[in-house]
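Within every chain, numbering begins at 1; the chains are lettered A, B, ... in the order of the sequence lines, protein sequences first and strands thereafter.
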Protein chains: 2
Amino acid sequence: MFQLDLKSGVPICDQIVNGFIRMKALGLISGGDQMPSIRSLAIKFSINPNTVQKAYAILESGGIIYSVKGRGSFLSDDESAHSAVISRAKSDFRAAVRTAHELGLGISEITEVINDIYKEEKKC
Amino acid sequence: MFQLDLKSGVPICDQIVNGFIRMKALGLISGGDQMPSIRSLAIKFSINPNTVQKAYAILESGGIIYSVKGRGSFLSDDESAHSAVISRAKSDFRAAVRTAHELGLGISEITEVINDIYKEEKKC
DNA sequence: ACAAGTGTACTAACACATATAGTACAGTTA
DNA sequence: TAACTGTACTATATGTGTTAGTACACTTGT
């Protein structure tokens, strides 16, 4: 399970959303798996249930999970929903690159950062 | 001179800060150059002078510019201040890459975005 | 049937950041 | 002196994020 950084400035609900997407991407969870209940996750993270609910609502609006009243929330089998979220992440990343470009970062410095973080994949 | 996107969600003061840093990086302005006055820039962009003042305060706190009461604001000669800001931008970009990596974006998708935005530089 | 757990849907309040509006003061320059 | 400059306030409005509390409908296990 992922962790939260309450003082990072990143909205908690976004951290929860990204946490589950990351777990899906890493194969730690897969389609059909039951999500933690809203209340239990709120207790675990010592945050408000409404915040978890908001995160789950975001995940459900994106088709990443589906919820059944009285039963719980489950990870969707729909791979296209997951890839759509990845597409949105790509869009966010594009904005970050654009900002870096505007501030004068050269392509060499950019690729340096990329290679640093993706070094494991490059070895393959 | 750069332009503002009032509906981008990016704070206006940040856009102003980044705009001048970008101009410095591109060589459009250099150390000792006089900055536009707070009021004139506010009129030019049709925004509140306080917003410009906040942007200038950020730039001054970072050593990018210095202000003289009654005379105006001027671009600093201190290159280390500018490089420090670039360093911070690099750090922010690193965080964005890390997020993209965590969400499962492959290096091919990453490089695709990079090449798209830096295409002009690649031609050189 | 009952209790416990589940998602869902509200309203209210608070904190914070952003931006606007207006005013005032101190210093410089022509 | 007039017009410009930066600086420093207060106040207001807006939007977002979070917390708090309540209520309802549904499912599951006993």
Side-chain angles (χ1 to χ4, degrees), chain A residues 2-20 29 32-76 81 88 92 95 99, chain B residues 1-20 29 32-76 81 88 92 99:
Chain A
F2 53 90
Q3 289 186 335
L4 297 183
D5 185 354
L6 300 181
K7 53 182 178 178
S8 67
V10 181
I12 299 176
C13 56
D14 289 353
Q15 292 187 46
I16 295 174
V17 169
N18 288 347
F20 282 113
I29 51 178
D33 285 356
Q34 182 157 15
M35 303 279 288
S37 78
I38 290 178
R39 290 174 177 83
S40 68
L41 200 59
I43 292 175
K44 175 171 184 172
F45 285 144
S46 298
I47 59 177
N48 195 284
N50 290 338
T51 305
V52 181
Q53 182 182 0
K54 187 174 183 179
Y56 277 26
I58 293 174
L59 286 169
E60 187 165 20
S61 71
I64 305 297
I65 68 174
Y66 63 93
S67 299
V68 184
K69 202 187 291 184
R71 293 192 57 213
S73 301
F74 304 87
L75 199 62
S76 169
R88 190 175 59 88
D92 293 344
T99 299
Chain B
M1 178 65 67
F2 53 90
Q3 288 186 335
L4 298 182
D5 184 355
L6 299 181
K7 53 182 178 177
S8 67
V10 180
I12 299 175
C13 56
D14 289 355
Q15 293 187 46
I16 296 174
V17 169
N18 289 347
F20 282 113
I29 51 177
D33 284 358
Q34 182 156 15
M35 303 279 289
S37 78
I38 290 177
R39 290 175 178 82
S40 68
L41 200 59
I43 293 174
K44 175 170 185 173
F45 285 143
S46 298
I47 58 177
N48 196 282
N50 291 336
T51 304
V52 181
Q53 182 182 0
K54 186 175 183 180
Y56 277 25
I58 293 174
L59 287 169
E60 186 165 20
S61 71
I64 305 296
I65 68 174
Y66 63 94
S67 300
V68 183
K69 201 188 293 183
R71 291 193 57 211
S73 301
F74 304 87
L75 200 62
S76 169
R88 190 174 60 86
D92 292 345
T99 298

Review item, nucleotides 5-9 of chain C N/O atoms under 3.5 Å of protein N/O:
unit_1: C:dG5; atom_1: N2; unit_2: A:Gly70; atom_2: O; d: 3.3
unit_1: C:dT6; atom_1: OP1; unit_2: A:Ser37; atom_2: OG; d: 3.0
unit_1: C:dT6; atom_1: O2; unit_2: A:Gly70; atom_2: N; d: 3.2
unit_1: C:dG7; atom_1: OP1; unit_2: A:Ile38; atom_2: N; d: 3.3
unit_1: C:dG7; atom_1: OP2; unit_2: A:Ile38; atom_2: N; d: 3.0
unit_1: C:dG7; atom_1: N7; unit_2: A:Arg39; atom_2: NH1; d: 2.9
unit_1: C:dG7; atom_1: O6; unit_2: A:Arg39; atom_2: NH2; d: 3.0
unit_1: C:dT8; atom_1: OP1; unit_2: A:Glu60; atom_2: OE1; d: 3.4

Starting at atom CG of A:Leu6, determine the distance to atom P of C:dC16, rounded to an integer number of angstrom.
15 Å

Would you say that A:Leu4 contacts A:Ile16 through its side chain, given a criterion of any heavy-atom pair below 4.5 Å between the two side chains?
yes

Is the shortest heavy-atom distance from the side chain of B:Leu41 to the side chain of B:Tyr56 under 4.5 Å?
yes

Rounded to the nearest Å, what distance is computed from the CD1 atom of residue B:Ile58 to the P atom of nucleotide D:dG6?
16 Å

Are the side chain of A:Thr99 and the backbone N or O of A:Ala95 linked by a donor-acceptor pair below 3.5 Å?
yes

Here the gap from A:Ile29 atom CD1 to A:Ile65 atom CD1, rounded to the nearest 0.5 Å, amounts to 9.5 Å

Using side-chain heavy atoms (C-beta onward) and a distance below 4.5 Å, is B:Phe74 in contact with B:Val68?
yes

Is there a side-chain contact between B:Met35 and B:Ser67, using heavy atoms and a 4.5 Å cut-off?
no

Using whole Å, report how far CZ of A:Phe45 lies from C1' of D:dT18.
16 Å

Rounded to the Å, how far apart are B:Ile16 CD1 and C:dT18 C1'?
12 Å

Distance, rounded to the nearest Å, where B:Ile43 contributes CD1 and D:dC4 contributes C1'
12 Å

Going by salt bridge (Lys or Arg N to Asp or Glu O under 4.0 Å), name the residues that satisfy it together with A:Arg71, two or more places apart in sequence or in a different chain.
none

Heavy-atom side-chain proximity of A:Ile12 to A:Leu6 below 4.5 angstrom:
yes

Any side-chain heavy atom of B:Ile64 sitting closer than 4.5 Å to one from B:Ser76?
no

Output a table of nitrogen or oxygen pairs between the protein and nucleotides 12-17 of chain D separated by less than 3.5 Å.
none

Who passes ring-ring contact (aromatic ring centres under 6.0 Å, His included) against A:Phe2, sequence neighbours left out?
A:Phe20, A:Phe45

Taking only N and O in the side chain of A:Thr51, is any of them less than 4.0 Å away from OP1 or OP2 of D:dT19?
yes

Tell me which pairs pass side-chain hydrogen bond (donor to acceptor under 3.5 Å, both in side chains) where either residue lies in residues 8-18 of chain B, with sequence neighbours left out.
B:Ser8-B:Gln15

Over how many whole Å does the gap from A:Asn48 atom CG to C:dA12 atom C1' extend?
13 Å

Need the bend value for the helix from C:dA1-D:dT30 to C:dA30-D:dT1: angle between end axes, 5 pairs each end, nearest 10°.
10°

